[in-house]
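This report refers to the structure that appears directly beneath it.
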Amino acid sequence: MSSQPTSRKRAARPRRQASETLHLDDKDRVRAIAGPGDRFLILIEEELDVRLSAPGAGQIVISGDSAEARDEAKRVLRRLYASLEHGLTCDEAAVRAALRTRDDEESGAEDDGVIRVPRGSSLIARTEGQRTYVRALKNEKAYDLIFGVGPAGTGKTLLAVAYGASLLVQRRVEKLIITRPAVEAGEKLGFLPGDLTEKVDPYLLPVWDALADTLGRSQLEKMREDGRIEVAPIAFMRGRTLNRAFIVVDEAQNTSRAQMQMVLTRLGEGSRMAVTGDPSQCDLHPRDPSGLPHALSILARTKGVATITFDRNDVVRHDLVARIVAAYEEDAAKSPRESS
């Protein structure tokens with residue numbers, strides 16, 4: 001009895017994806033790009049629909065059906081690798097920023113977006129808005145007054161403070177002056193004990209934190225003691241002429257029109273100024289118009305003034321912050337009846 005051959009269905013093999021290897025010199029930087037448990041590589045995989053692996057020896061293998069996606073993954077990885085060369089850290093915000101930055105935004109010199117602080121921390125622009133802002137800060141021939149306007153978490157204050165600190169360390173200015181209005185953000189702090197400096201310091205803590213991140217605690221304390229760094233409320237600026245200084249006016253949406261005019265006219269010989277704020281976060285009484293939108297309006301076409309507007313795509317603090325900003329923007333766009 002002859003047996004008939006039995007046909008068996010062969011299990012389909014998974015289709016092999018095209019792959020290529022990105023060779024990088026520094027193994028430590030490759031590990032930093034991968035992140036703990038390959039967390040950052042997974043983030044890139046999810047965004048670009050590729051597969052990434054770091055087998056060692058400074059290599060990252062990129063697999064995927066789309067050549068365009070593989071090329072984009074290489075661009076993101078190279079950008080993160082280059083940023084580590086400037087002494088920066090690789091974190092989730094840096095990865096998301098690299099994913100958002102297009103090729104044409106990188107066509108200029110890489111140094112355009114880098115702020116180097118000798119004996120301190122270097123910073124690099126992570127978004128298109130930040131890069132434009134840093135270029136304006138560096139363009140001493142064109143701009144003596146730079147407005148950085150937009151939502152929280154876009155790096156407006158940190159980049160301005162870092163740039164001012166870099167000028168100070170290089171002795172290109174004699175003083176770094178940072179000022180902001182002492183306005184309570186919705187809550188009453190009550191009577192604060194101590195002298196005048198101790199009373200206003202709680203309002204200035206974010207600025208001191210930015211300086212410490214940029215310069216380091218020891219260098220900051222030395223410059224604070226010798227008077228090269230001054231952080232004070234706007235009221236302290238009245239009647240002064242600020243020569244050979246870099247001035248940062250922070251939280252400018254909380255200045256009145258009179259305060260804004262006063263502080264802008266403090267500029268003296270050899271000085272430049274950066275003004276930062278978020279018009280949507282004004283803590284002034286509704287009857288007191290903010291000086292920031294008024295200044296932006298009347299100075300829009302003034303020679304020597306640059307205005308850089310950030311949006312939620314420039315938020316690098318935490319990915320959730322960008323979604324929160326978007327939700328509030330959408331709510332603000334509703335009619336009063338819909339939002340009630």
Side-chain angles (χ1 to χ4, degrees), residues 14 16-103 105-106 109-128 130-131 134 153-155 158-159 162 166 209-210 212-217 219 313-322:
R16 184 183 295 275
Q17 292 181 317
S19 66
E20 47 194 300
T21 302
L22 180 63
H23 296 275
L24 302 167
D25 295 331
D26 192 318
K27 299 177 185 177
D28 291 334
R29 274 195 269 169
V30 171
R31 281 194 290 269
I33 292 172
D38 289 344
R39 175 183 171 188
F40 303 145
L41 295 185
I42 293 170
L43 189 61
I44 298 170
E45 288 178 340
E46 292 173 348
E47 187 72 21
L48 300 180
D49 192 24
V50 295
R51 294 285 296 171
L52 302 176
S53 62
Q59 297 178 345
I60 299 179
V61 178
I62 307 166
S63 304
D65 293 328
S66 167
E68 184 179 351
R70 296 196 304 272
D71 287 343
E72 180 67 3
K74 283 189 288 186
R75 183 196 64 78
V76 170
L77 292 167
R78 286 191 180 114
R79 181 171 178 80
L80 292 169
Y81 185 81
S83 71
L84 290 168
E85 185 179 1
H86 297 293
L88 301 172
T89 58
C90 186
D91 54 22
E92 186 171 330
V95 175
R96 293 192 183 280
L99 285 163
R100 286 197 298 263
T101 306
R102 300 185 301 273
D103 284 336
E105 292 163 15
E106 297 185 286
E110 185 70 23
D111 270 5
D112 281 357
V114 178
I115 298 173
R116 291 187 175 86
V117 184
R119 301 189 302 279
S121 299
S122 296
L123 282 84
I124 188 169
R126 292 178 170 179
T127 69
E128 180 184 6
Q130 286 191 353
R131 187 181 305 279
V134 172
T154 51
L158 180 59
L159 290 170
S166 72
D209 288 343
D213 289 344
T214 304
L215 291 168
R217 291 285 177 185
Q219 189 170 205
N313 294 318
D314 296 305
V315 174
V316 295
R317 184 174 292 171
H318 188 292
D319 192 50
L320 180 57
V321 175

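Remember, predicted model here, so these are calculated numbers, not experimental data. We use all heavy atoms of the structure for the numbers below, so side chains are in, but hydrogens, waters and symmetry mates are not.
- When all heavy atoms are compared, the tightest approach of Arg126 to Asp91 is NH1-OD1, 3.5 Å.
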_Residue pair Val76, Glu72: steps toward the side chain to side chain contact (heavy atoms under 4.5 Å, CB included) verdict_ = CA-CA 6 Å; Val76 170; Glu72 180 67 3; 4.2 Å; yes
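- Scored by the side chain to side chain contact (heavy atoms under 4.5 Å, CB included) test, Pro36 finds Phe40 as partners (sequence neighbours excluded).
- Contacts classified as salt bridge (charged side-chain N to carboxylate O under 4.0 Å, His left out) and involving residues 30-41 (residues at least two apart or in different chains) are given here: Asp28-Arg31, Arg39-Glu92.
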*side chain to side chain contact (heavy atoms under 4.5 Å, CB included) evaluation trace for Thr21 with Ile60*: CA-CA 6 Å; Thr21 302; Ile60 299 179; over 6 Å; no
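- The neighbour count for Asp26 CG, taken as heavy atoms of other residues, nucleotides or ligands under 6.0 Å away, is above 12.
- Salt bridge annotation for Arg131-Glu128: absent, with no cationic side-chain nitrogen under 4.0 angstrom from a carboxylate oxygen.
- Residues Val50 and Ser63 have side chains not in contact (no heavy-atom distance under 4.5 Å, counting atoms from C-beta outward).
- Smallest separation of non-hydrogen atoms from Leu99 and Arg75: O-NH2, 4.0 Å.
- Using a 4.5 Å heavy-atom threshold, the side chains of Val134 and Leu159 count as touching.
- With sequence neighbours left out, the side-chain hydrogen bond (donor to acceptor under 3.5 Å, both in side chains) criterion links Glu20 to Arg70, Lys74.
- No side-chain donor-acceptor contact under 3.5 Å links Thr154 and Asp314.
- Using a 4.5 Å heavy-atom threshold, the side chains of Ile44 and Ile42 count as separate.
- In this structure, Glu47 contributes its side chain and Leu43 its backbone to no donor-acceptor pair below 3.5 Å.
- Under the side-chain contact (heavy atoms from CB on, under 4.5 Å) rule, Leu41 has a single partner from Ile62, Leu52, Val95, which is Leu52.
- Looking at every heavy atom in both residues, Ala162 comes nearest to Leu123 through CB-CD1, 3.8 Å.
- Checking side-chain atoms of Ser53 against main-chain N and O of Pro55 turns up no donor-acceptor pair under 3.5 Å.
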